[in-house]
Amino acid sequence: MKFEKEDLVKLYRNLVRTRAFDEAAVRWLAQGKLLAFYHPAQGGEAPGVGGCTFLRDDDIVYPHLRGHGLPHMIGKGISPKLYLAEHCGKATGAAGGMGGFHSVFPEKGALGAGGTIGSCFPVSVGWALAAKKNGRGQVVVCFFGDGSANRGTWHEAANMAALWKLPVVWVCENNGVAQFVPIEDAYPLEDLSNLASAFGMPAVVVDGQDVMAVAEAVTAAVERAREGKGPSFVECKTARFGPHGIGNPDKVHGKDRDPRQIEELKRRDPVALFRSRLLEQGVLTEEDAERISREAEAEVAETEAFIDQSPFPDDPGMLDRALYAE
Amino acid sequence: MRELMYLQAINEALAEELERDEKVFLIGEGVQTGTFGTTTGLVDRFGPERIMDSPLSETAIAGVAVGASMLGYRPVADLMFADFMYVCADEIFLKAAQWRFMHGGLQTLPCVFMANIGAYRKLGNEHSQCPFSLVLRSPGLKLAAPSDPYDAKGLLKTAIRDNNPVVYFFHKGLLGMSGPVPEEDYTIPFGQAVVRREGDDVTVVAPSFMGFWAIAAAEELKDRFSVEVIDPRTLEPLDLDTILVSVRKTGHLVILDEDTERCGFAAELAMQVMEKAFDDLDAPIKRVCAANYPIPGGVMEKYVIPQPEQVMAAIEEVMA
Ligand SMILES: Cc1ncc(C[n+]2csc(CCOP(=O)(O)OP(=O)(O)O)c2C)c(N)n1
């Protein structure tokens with residue numbers, strides 16, 4: 001895919017917005033405004049943003065847990081406002097306050113997300129099967145972490161998807177660690193893309209801090225799927241800048257993660273990298289970049305005001321309405 | 001006596017059993033670090049061969065516990081959240097629970113599945129459940145649910161020494177609770193309920209975290225009713241006798257259960273009491289459970305999971 005200037009700006013804007021909303025979510029959790037827990041995306045925004053920004057509205061996305069799917073939803077063109085209102089428990093949230101951190105926005109292909117890691121694979125196969133049957137050319141893009149790929153569900157789902165040449169793209173956000181366990185101690189090979197070869201699926205490994213590299217690889221895989229050529233696998237080598245979840249110690253095997261390693265990771269900040277590239281290429285000026293940041297902050301402020309003004313749900317009748325369909 | 005937090009009591013039980021029996025080992029995601037502090041630090045003492053950080057693979061974690069237990073080891077599988085038992089349901093409910101039986105009693109499976117239970121944190125359906133009934137409807141499994149640090153330690157030690165698969169549920173809401181825990185070795189036999197508070201008018205059976213509210217309600221209502229509070233400590237085996245003795249004295253029974261009402265522990269216990277002590281009851285049994293819905297996210301959870309006011313109301317109603 002050839003990216004036009006406006007595509008690159010869109011990609012950058014989505015990255016900046018993701019970072020701004022992610023930082024806001026961390027603040028709101030500390031203030032008790034955001035409910036439950038939060039697993040920041042910082043350092044790992046590029047796979048979701050790059051993988052979703054150029055999808056069709058009716059393509060279906062299974063977001064990964066980092067940033068609770070903010071990178072994916074923002075990439076997909078879903079306003080984070082209703083999702084975050086939901087996460088703050090408000091009646092104005094996307095699921096009316098029933099979902100908590102579970103994201104949903106069916107009109108834009110966000111059909112749901114679960115809290116059991118690795119449940120993304122089988123359901124994605126169901127979406128992909130339906131997409132194949134309905135012939136509308138929809139593609140499913142399932143995002144997951146290196147840890148998620150250790151679930152057995154992967155193998156059942158990958159096998160079916162490959163066997164039936166389903167239109168699904170598997171995007172692995174390999175940040176090298178699953179909560180407290182580094183990937184070296186959870187998978188015996190260097191690249192998780194090896195998980196594709198057992199099923200004869202094509203796989204590529206890309207620099208997951210390079211949002212364009214992700215966008216290019218996922219776009220190619222999506223086009224292939226849309227042409228009926230079946231599933232493929234994109235492994236993005238990415239990073240987690242902080243602890244797994246806010247309030248968790250940032251440890252592996254009971255020891256603090258090496259601060260030098262984290263410094264090293266932060267030198268390859270996906271937002272900063274893309275910004276310098278676009279400045280260098282003259283796609284953006286400093287002023288453009290500043291304006292995009294200001295706009296993102298304004299959007300966050302507007303979202304916060306909306307959430308603050310929104311009531312909490314207080315209608316238990318919602319339980320019955322939500323439980324069974326007519 | 002020295003005080004420990006509930007999570008420290010769990011940690012100490014693990015350490016003592018690891019020390020006592022080299023066949024004991026711990027496996028789970030991030031157990032070397034410890035998501036809830038229950039397993040933190042053990043790796044420094046016992047090494048990574050016995051405190052095994054595993055890949056994110058509950059099915060295999062549970063399977064490893066089952067398999068290794070059949071060859072003489074005493075694995076403790078840490079499943080993090082009890083909700084994740086659905087992910088390894090075959091291994092727990094069809095293999096651990098039923099293999100000894102299906103193989104004519106030729107094998108023993110001394111393994112422990114430990115997991116946290118409980119809502120009240122607005123964590124939604126997949127991180128809040130209290131799935132007692134899931135375990136109870138699987139004969140072959142034992143179920144311990146400690147409600148204070150003393151029991152947390154004593155029951156876990158018994159679980160590890162037991163020659164059967166035991167599900168050990170510790171409650172999120174109790175992790176930081178402190179209480180007396182002896183330094184010397186002790187265990188708490190399974191199937192022995194404890195009367196937490198004596199009373200003459202009404203019996204309240206309250207496992208795990210619900211005991212907290214039962215005591216609070218008993219205190220609140222003490223000028224009107226004398227409430228007896230019983231903590232079953234293990235739901236399988238269940239000490240029905242202690243409950244029956246109490247019901248025969250009080251003639252009134254309220255059962256608290258944080259799990260979903262339908263087909264739950266409260267329903268089961270109520271039926272057992274009816275069968276054995278119907279004539280001793282002066283009023284219909286009341287139960288306070290989670291309503292028959294999944295646990296929603298956010299503030300909506302309050303409409304589903306039991307609330308302290310409901311406990312008070314149930315006691316008042318059964319006494320009316
Ligand atoms: C079935 C299941 N097991 C464990 C967890 C707890 N948990 C949540 S996220 C996580 C780590 C996920 O690692 P990975 O897939 O690599 O994603 P990352 O957070 O590193 O991006 C764990 C262990 C869970 N939510 N569900």
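The sequence lines fix the lettering, A, B, ..., with proteins before strands; numbering per chain opens at 1.
Of all the heavy atoms in A/A36 and B/K122, the pair that sits closest is CB-O, 3.3 Å. Here the closest heavy-atom approach between residue A/L323 and residue B/P294 is recorded as CD1-CD, 3.5 Å. The two residues B/V299 and A/P313 come nearest to each other via the heavy atoms CG2-CD, 3.6 Å. Scanning both residues, A/D315 and B/Y303, for their nearest heavy atoms gives N-OH, 4.2 Å.
Taking a 6.0 Å sphere around CZ of B/R262, one finds it holds 12 or fewer heavy atoms contributed by other residues, nucleotides or ligands. Counting heavy atoms of neighbouring residues, nucleotides and ligands inside a 6.0 Å radius, atom CD of A/Q31 exceeds 12 of them. Heavy atoms of other residues, nucleotides or ligands lying less than 6.0 angstrom from CZ of A/R27 number more than 12. For A/K90, the NZ atom sits in a packed shell: over 12 heavy atoms of surrounding residues, nucleotides or ligands are nearer than 6.0 Å. For A/Q261, the CD atom sits in a packed shell: over 12 heavy atoms of surrounding residues, nucleotides or ligands are nearer than 6.0 Å. Atom CZ of B/F212 sits in a sparse spot, with 12 or fewer heavy atoms from other residues, nucleotides or ligands closer than 6.0 Å. Annotation: B/Q307, atom CD; neighbour count of heavy atoms from other residues, nucleotides and ligands within 6.0 Å is above 12. Under a cut-off of 6.0 angstrom, the local environment of OH in B/Y73 is sparse, with at most 12 non-hydrogen atoms contributed by other residues, nucleotides or ligands.
Note on B/M300, B/K302, B/E301: by heavy-atom pairs under 4.5 Å with chain A, the leading option is B/M300. Among the candidates B/N125, B/T59, B/T39, the residue making the largest number of heavy-atom pairs closer than 4.5 Å to chain A is B/N125. Counting heavy-atom pairs closer than 4.5 Å to chain B, the top residue among A/P316, A/G89, A/G100 is A/P316. In terms of heavy-atom pairs under 4.5 angstrom with chain A, the leader among B/G298, B/P296, B/P55 is B/P55.
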Checking A/L35 against B/R121 for the side-chain contact (heavy atoms from CB on, under 4.5 Å) test, could you report, in this order, the C-alpha distance in whole Å, the side-chain angles of both residues, the deciding distance, and whether it holds? CA-CA 8 Å; A/L35 304 180; B/R121 299 281 167 105; over 6 Å; no
Please assess B/V304 against A/L319 for the test side-chain contact (heavy atoms from CB on, under 4.5 Å), listing each intermediate value before the final yes or no. CA-CA 9 Å; B/V304 173; A/L319 299 173; 3.9 Å; yes
Worked check of side-chain contact (heavy atoms from CB on, under 4.5 Å) between A/R151 and B/E58: CA-CA 7 Å; A/R151 280 284 310 280; B/E58 284 78 8; 3.4 Å; yes
Step by step, work out the side-chain contact (heavy atoms from CB on, under 4.5 Å) result for B/F84 and A/I117. CA-CA 9 Å; B/F84 303 164; A/I117 301 301; over 6 Å; no
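Using a 4.5 Å cut-off between heavy atoms, B/M80 touches chain A through its side chain atoms alone. Heavy atoms closer than 4.5 Å to chain A are found in the backbone of B/S54, but not in its side chain. Both the backbone and the side chain of B/S57 have a heavy atom closer than 4.5 Å to some heavy atom of chain A. In this structure, chain B has a heavy atom under 4.5 Å from the backbone of A/S148, while its side chain stays farther away.
Between the CD atom of A/Q179 and the CG atom of B/D53 there is a distance of 9.5 Å, given to the nearest 0.5 Å. To the nearest 0.5 Å, atoms CG (B/D44) and NE2 (A/H253) are separated by 12.5 Å. Atoms CE and OH, from A/M318 and B/Y293 in turn, are 12.0 Å apart once rounded to the nearest 0.5 Å. Separating the OG1 atom in B/T35 from the CZ atom in A/F180 is a distance of 4.5 Å, to the nearest 0.5 Å. A distance of 4.5 Å separates CD of B/E126 from NE2 of A/H102, quoted to the nearest 0.5 Å.
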